[in-house]
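Taking it in order: structure first as structure tokens, then the write-up.
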Amino acid sequence: MLTRVRRQLETAYERHLRRTISGAPAHVAVIQDGNRRYATKQGAKASEGHREGAKTTERVLDWCEDIGVEELTLYTFSTENFDRPKDQREALFDLLENKLYEFADAERIHDSGVCIRAIGDVVELPARVREAIDYAEGQTHDYDNFVLNIALAYGGRNELLGAARDVAREVESGDLAPDGISVETIESRLYDRPIRDVDLIIRTGGDERTSNFLPWHANGNEAAVFFCTPYWPEFSKIDFLRAVRTYESREQSFHQAKVQRALALVRAIGGVELDEARSIIRKFRGYVPDGVAMEELDGEERTPE
């Protein structure tokens with residue numbers, strides 16, 4: 001009885017959360033933490049926790065599609081994971097291999113136009129996992145409705161270090177001028193195909209750190225971050241919607257701060273035409289504080305009545 005009532009309450013709360021969300025982040029990145037701790041809590045092997053976590057991953061794909069997320073990046077296997085005991089590593093490699101083939105052949109992936117890509121130092125992975133990566137990427141290469149990035153043998157510092165070394169070599173050889181180095185120069189050396197800036201990072205399992213995950217695309221974009229206590233296999237749609245709500249709240253605060261700065265600039269300089277500041281205010285006029293006349297901000301005089 002209590003279980004049924006709880007399910008009904010959770011369903012009602014989930015519907016409430018969904019109604020409060022008006023948009024969606026374009027790119028969500030997830031640190032899937034807590035698989036092994038979940039298994040320990042259940043009295044099972046670590047590999048069972050990872051298998052349950054893989055089921056959560058499939059559900060998250062559905063949730064992303066439901067609200068309009070366009071890109072999802074999963075922190076699946078870090079460079080630090082190579083330090084785990086051999087039996088744990090091999091169990092993870094087995095799961096990765098099987099899931100990559102399964103995803104690549106799944107009707108839902110093809111029906112939804114999901115492009116699967118692996119990011120990270122994949123050459124360090126076993127040949128069988130690399131072959132599964134090649135298969136998944138090849139099967140979905142031409143899709144562009146949704147992008148699923150799977151971070152494997154991934155480390156954010158290593159990623160930036162590799163790009164910096166590539167640029168340094170090109171400068172040394174004379175193929176690249178120092179003053180020709182731009183944002184695009186670095187990004188083109190991070191991945192074969194561009195990745196959107198990260199809008200929202202989610203971390204499960206209780207730890208409040210981003211673990212060197214996508215530093216170029218997340219920190220540079222000042223991504224919203226949502227930490228939650230459930231282990232990854234326990235992560236629910238309610239948790240996901242709460243994370244999206246956090247992103248929306250941050251976006252609103254960001255727009256409000258931008259308007260306040262532009263408003264202060266307009267008021268400080270007065271009659272000087274400040275096109276950029278005024279365009280910001282007009283664009284986000286919904287965030288203009290009550291009591292501020294739009295005619296004043298637009299530089300127009302009100303006709304006395």
Side-chain angles (χ1 to χ4, degrees), residues 24-32 50 53-54 56-65 68-79 81 92-93 95-163 166 183-184 186-202 210-221 223 232:
H27 185 181
V28 175
V30 182
I31 302 171
Q32 309 163 98
H50 288 292
T56 300
T57 298
E58 295 183 37
R59 292 192 291 270
V60 170
L61 280 171
D62 291 334
W63 303 339
C64 285
E65 185 177 2
V69 174
E70 299 174 24
E71 189 159 354
L72 173 66
T73 301
L74 301 172
Y75 204 171
T76 304
F77 190 91
S78 71
T79 51
N81 290 152
L92 270 173
F93 293 148
L95 180 62
L96 287 170
E97 180 185 2
N98 292 335
K99 284 297 177 181
L100 282 164
Y101 282 117
E102 181 182 316
F103 271 41
D105 291 332
E107 287 186 11
R108 55 175 292 186
I109 295 295
H110 296 280
D111 290 343
S112 299
V114 177
C115 176
I116 299 174
R117 302 189 304 196
I119 61 173
D121 198 5
V122 296
V123 295
E124 299 298 324
L125 296 167
R128 59 193 175 95
V129 178
R130 297 199 306 271
E131 290 170 3
I133 290 170
D134 289 341
Y135 181 79
E137 291 184 335
Q139 290 293 99
T140 63
H141 181 273
D142 295 329
Y143 296 143
D144 59 6
N145 287 346
F146 185 90
V147 177
L148 173 61
N149 302 307
I150 304 175
L152 298 169
Y154 179 86
R157 287 183 177 178
N158 288 344
E159 181 179 70
L160 293 179
L161 181 60
D166 287 344
V183 170
E184 291 73 21
I186 302 299
E187 289 184 344
S188 66
R189 285 154 182 80
L190 290 174
Y191 308 110
D192 293 335
R193 286 184 286 176
I195 286 181
R196 293 177 179 85
D197 284 339
V198 177
D199 299 305
L200 170 65
I201 294 178
I202 299 171
T210 57
S211 295
N212 195 26
F213 190 31
L214 297 172
W216 181 269
H217 292 87
N219 294 342
N221 194 43
W232 180 241

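Values in this document were obtained by computation on a predicted structure and should not be read as measured data.
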Between side-chain atoms of residues 100-107 and protein atoms elsewhere (two or more places apart, or another chain), which donor-acceptor pairs fall under 3.5 Å?
residue	atom	partner	partner atom	Å
Glu102	OE2	Lys99	NZ	3.2
Asp105	OD1	Tyr135	OH	2.7

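- At least one donor-acceptor pair under 3.5 Å links the side chain of Tyr154 to the backbone N or O of Leu214.
- The main-chain N or O of Ser78 is found under 3.5 Å from a side-chain atom of Asn81 such that the two form a donor-acceptor pair.
- Closest approach of Thr140 and Val114 over heavy atoms only: CB-O, 3.1 Å.
- Between Phe213 and Thr73, the shortest heavy-atom contact is CZ-CG2, 3.7 Å.
- Within the 3.5 Å criterion, the main-chain N or O of Gly155 finds no donor-acceptor partner in the side chain of Asn212.
- Every side-chain contact (heavy atoms from CB on, under 4.5 Å) that Asn158 has, sequence neighbours left out, goes to Thr79.
- Partners of Glu70 according to the side chain to side chain donor-acceptor pair (under 3.5 Å) rule, which considers only residues two or more places apart in sequence or in another chain, are Arg196.
- For Leu160, the side-chain contact (heavy atoms from CB on, under 4.5 Å) partners at least two apart in sequence or on another chain are Leu190, Pro215, Trp216.
- Every pair tested for salt bridge (Lys or Arg N to Asp or Glu O under 4.0 Å) that includes a residue from residues 135-152 fails, sequence neighbours excluded, so the list is empty.
- Scanning for ring-ring contact (aromatic ring centres under 6.0 Å, His included) contacts around Phe93 gives Phe77, with sequence neighbours left out.
- The nearest pair of heavy atoms linking Leu152 to Ala118 is CD1-CB, 4.3 Å.
- Looking only at side-chain heavy atoms (C-beta outward), His27 and Asp197 stay at 4.5 Å or farther from each other.
- With sequence neighbours excluded, no residue forms a side chain to side chain donor-acceptor pair (under 3.5 Å) with His141.
- By the side-chain contact (heavy atoms from CB on, under 4.5 Å) test, Arg59 pairs with Lys55, Thr56, Trp63, sequence neighbours left out.
- In this structure Asp62 satisfies the side chain to side chain donor-acceptor pair (under 3.5 Å) test together with Arg108, sequence neighbours excluded.
- With sequence neighbours excluded, the residues forming a side-chain contact (heavy atoms from CB on, under 4.5 Å) with Ser211 are Tyr75, Arg203, Arg209, listed by chain and number.
- Annotation: side chain of Val28 is not in contact with side chain of Val60 (no heavy-atom distance under 4.5 Å).
- Residue Val198 comes nearest to Ala223 through the heavy atom pair O-CB, 3.3 Å, listed as atom of the first residue, atom of the second, then distance.
- Counting only heavy atoms from C-beta outward, the side chains of Ile201 and Ile31 approach each other to under 4.5 Å.
- Panel note: side chain Thr76, backbone Ile150; no donor-acceptor pair is recorded below 3.5 Å.
- Applying the side chain to side chain donor-acceptor pair (under 3.5 Å) test to residues at least two apart or on different chains, the pairs with a partner in residues 112-134 are Glu65-Ser112, Glu71-Arg117, Glu90-Arg128, Asp94-Arg128, Glu97-Arg128, Arg117-Asn149.
- Residues Leu148 and Tyr143 form no side-chain contact, since every pair of their non-hydrogen atoms from C-beta on lies 4.5 Å or further apart.
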